[in-house]
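Throughout, residue positions are numbered sequentially from 1 according to the sequence presented.
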Amino acid sequence: MNDTATTAVRVSGLTKRFGTGEAAVLALRGIDLEVRTGELLMLVGPSGCGKTTLISVLAGIMDKTEGALDVLGVDPGALKVDDRTRWRGANIGFVFQAFNLMPALTAAENVSIPLLIRNVPQAEALRRARAMLERVELANRVDALPAQLSGGQQQRVAIARALVHEPQLVVCDEPTSALDQETGHHVMDILHGMTRGSRRTLIVVTHDARIFGFADRIARMDDGRVVAVETGAGNTH
Ligand SMILES: Nc1ncnc2c1ncn2[C@@H]1O[C@H](COP(=O)(O)OP(=O)(O)OP(=O)(O)O)[C@@H](O)[C@H]1O
Ligand SMILES: [Mg+2]
């Protein structure tokens, strides 16, 4: 078992195979990685190298094939389905690349979902959702539907939703890829500000060299493996 005081995630020999036989794809080929509690780790590498697969396994969204996995003191794959859903609801915030907002719900209703899942009463959930939207500078858009928001605003709603239940581990898949430089920087500023100084750990998958400066460390992946881990500029902030 992990010492979560210093290490949020510890992975060794992690593999993930999709499909069987001739059609099998080995998306993760033996990942070894440690993510420290409270750090911002960026995960970079060419398209198809396994970044989304890795964070999906870490977040308990996908099962691993082999290897040792310890995320906040547990192996999510070893939990029963109900326990895993509860564990994820309590501990993980996930920002999907495509935002995944519910189109028929307002910004505030979207952000309240993780709280409703945790049985927070609706009025309280909406109050906290609005407060979180205020922190991402969307106080005036809480009642807007996703289709009425710009890409950068939708991305900030997705971030608010990932953080509203105060998860210990926040995982973001390409959070700035759809954004222009200024908005992308702003979104990272918000993410960074909301996690800095806390014990919240942040893993950000990105192709976007413009935001590397926010990273404490940068893990480079290639063909299903982590091939290098470098210290980023985030350490000197
Ligand atoms: N559900 C799936 N079934 C079969 N193969 C898959 C599945 N999901 C991903 N793969 C394959 O696994 C490999 C890793 O995919 P993954 O989505 O993790 O890459 P990525 O690094 O996130 O790429 P990108 O930067 O393009 O998002 C790819 O070869 C992909 O085709
Ligand atoms: Mg991906």
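In this structure a side-chain-to-backbone donor-acceptor pair under 3.5 Å is missing from Ser56 to Met62. Side-chain atoms of Arg36 never come within 3.5 Å of backbone atoms of Thr6 as a donor-acceptor pair (strictly under, hydrogens ignored). Checked by atom type and distance alone, the side chain of Arg200 pairs as donor or acceptor with a backbone atom of Pro167 at under 3.5 Å. No donor-acceptor distance shorter than 3.5 angstrom exists from the side chain of Arg29 to the backbone of Gly224, with no hydrogens or angles considered. Although no hydrogens or angles enter the test, the distance criterion places a donor-acceptor pair under 3.5 Å between the side chain of Arg141 and the main chain of Gln148. Checking side-chain atoms of Asp216 against main-chain N and O of Leu40 turns up a donor-acceptor pair under 3.5 Å.
Linking Ile, Leu, Val, Met, Phe, Trp and Tyr residues whenever their side-chain heavy atoms come within less than 4.5 Å places Val229 and Val171 in a single cluster. In the hydrophobic clustering of this structure, Leu28 does not group with Val227; members are Ile, Leu, Val, Met, Phe, Trp, Tyr whose side-chain heavy atoms approach within less than 4.5 Å, directly or through other members. One hydrophobic cluster, built from ILVMFWY side chains closer than 4.5 Å, cannot hold both Leu138 and Ile113; they sit in different ones. Follow the hydrophobic side-chain contacts under 4.5 Å out from Ile61 and you reach Leu33 in the same cluster. Leu116 and Leu133 fall into different hydrophobic clusters, where Ile, Leu, Val, Met, Phe, Trp and Tyr are joined by side-chain heavy atoms under 4.5 Å apart, directly or via other members.
Residues Val205 and Cys172 fail the side-chain proximity criterion, which asks for heavy atoms closer than 4.5 Å. Using a 4.5 Å heavy-atom threshold, the side chains of Arg161 and Pro114 count as touching. Under the 4.5 Å side-chain criterion, counting only non-hydrogen atoms from C-beta, Val57 is not in contact with Ile31. Between Pro146 and Val157 there is no side-chain heavy-atom pair separated by less than 4.5 Å.
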Checking Lys80 against Asp82 for the salt bridge (charged side-chain N to carboxylate O under 4.0 Å, His left out) test, could you report, in this order, the C-alpha distance in whole Å, the side-chain angles of both residues, the deciding distance, and whether it holds? CA-CA 6 Å; Lys80 292 195 200 105; Asp82 286 357; over 6 Å; no
Could you walk me through whether His207 and Val44 pass the side chain to side chain contact (heavy atoms under 4.5 Å, CB included) test, one step at a time? CA-CA 6 Å; His207 279 109; Val44 304; over 6 Å; no
Go through the steps for Glu66 and Leu14 under the test side chain to side chain contact (heavy atoms under 4.5 Å, CB included), then give the verdict. CA-CA 6 Å; Glu66 291 173 311; Leu14 183 70; over 6 Å; no
Kindly indicate, with the supporting measurements, whether the criterion salt bridge (charged side-chain N to carboxylate O under 4.0 Å, His left out) is fulfilled by Arg220 and Glu230. CA-CA 8 Å; Arg220 293 192 184 278; Glu230 296 150 20; 2.8 Å; yes
Can Lys64 and Asp75 be said to form a side chain to side chain contact (heavy atoms under 4.5 Å, CB included), step by step? CA-CA 10 Å; Lys64 70 184 178 189; Asp75 176 352; 2.7 Å; yes
Could you walk me through whether Arg217 and Met42 pass the side chain to side chain contact (heavy atoms under 4.5 Å, CB included) test, one step at a time? CA-CA 6 Å; Arg217 290 189 304 151; Met42 282 192 188; over 6 Å; no
For Asp143 and Thr106: C-alpha separation, side-chain torsions, deciding distance, then whether side-chain hydrogen bond (donor to acceptor under 3.5 Å, both in side chains) applies. CA-CA 5 Å; Asp143 295 321; Thr106 66; 4.7 Å; no
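Expressed to the nearest 0.5 Å, how far CZ of Arg196 lies from CG of Asp189 amounts to 11.5 Å. To the nearest 0.5 Å, atoms OG1 (Thr65) and CG (Leu26) are separated by 7.5 Å. We find the CZ-OG distance between Arg156 and Ser150 to be 6.5 Å, quoted to the nearest 0.5 Å. How far NZ of Lys51 is from CD of Glu174: 6.0 Å, rounded to the nearest 0.5 Å. Going from atom CG of Leu41 over to atom CG of Leu202 covers 9.0 Å, rounded to the nearest 0.5 Å. Between Arg135 atom CZ and Ile190 atom CD1 the span is 10.0 Å, to the nearest 0.5 Å.
When the ring-ring contact (aromatic ring centres under 6.0 Å, His included) test is applied to Phe96, the partners found at least two apart in sequence or on another chain are Phe94. Residues meeting the ring-ring contact (aromatic ring centres under 6.0 Å, His included) test with His185, sequence neighbours left out: Phe214. Applying the side chain to side chain contact (heavy atoms under 4.5 Å, CB included) criterion to Asn91, with sequence neighbours excluded, gives Leu72, Trp87, Gln168.
Residue Gln181 qualifies as open at atom CD: its count of foreign heavy atoms under 6.0 Å is 12 or below. Within 6.0 Å of atom CZ in Arg210, more than 12 heavy atoms from other residues, nucleotides or ligands are found, so the atom counts as buried in its surroundings.
The pair Arg10-Asp32 does not count as a salt bridge, with every side-chain nitrogen at least 4.0 angstrom from each carboxylate oxygen. Using a 4.0 Å cut-off between charged nitrogen and carboxylate oxygen, Lys16 and Asp63 do not count as a salt-bridge pair.
Closest of all the heavy-atom pairs between Gly184 and Ile211 is O-CG2, 4.4 Å. What you find for Val95 and Gln155 is that their closest heavy atoms are CG1-OE1, 3.5 Å. Listed here is the closest heavy atom pair of Ala129 and Ala108: CB-O, 3.3 Å.
A donor-acceptor contact closer than 3.5 angstrom links the side chains of Thr176 and Asp208.
Test Thr201, Leu58, Thr37 against Val9 for side chain to side chain contact (heavy atoms under 4.5 Å, CB included) and you get one pass: Leu58.
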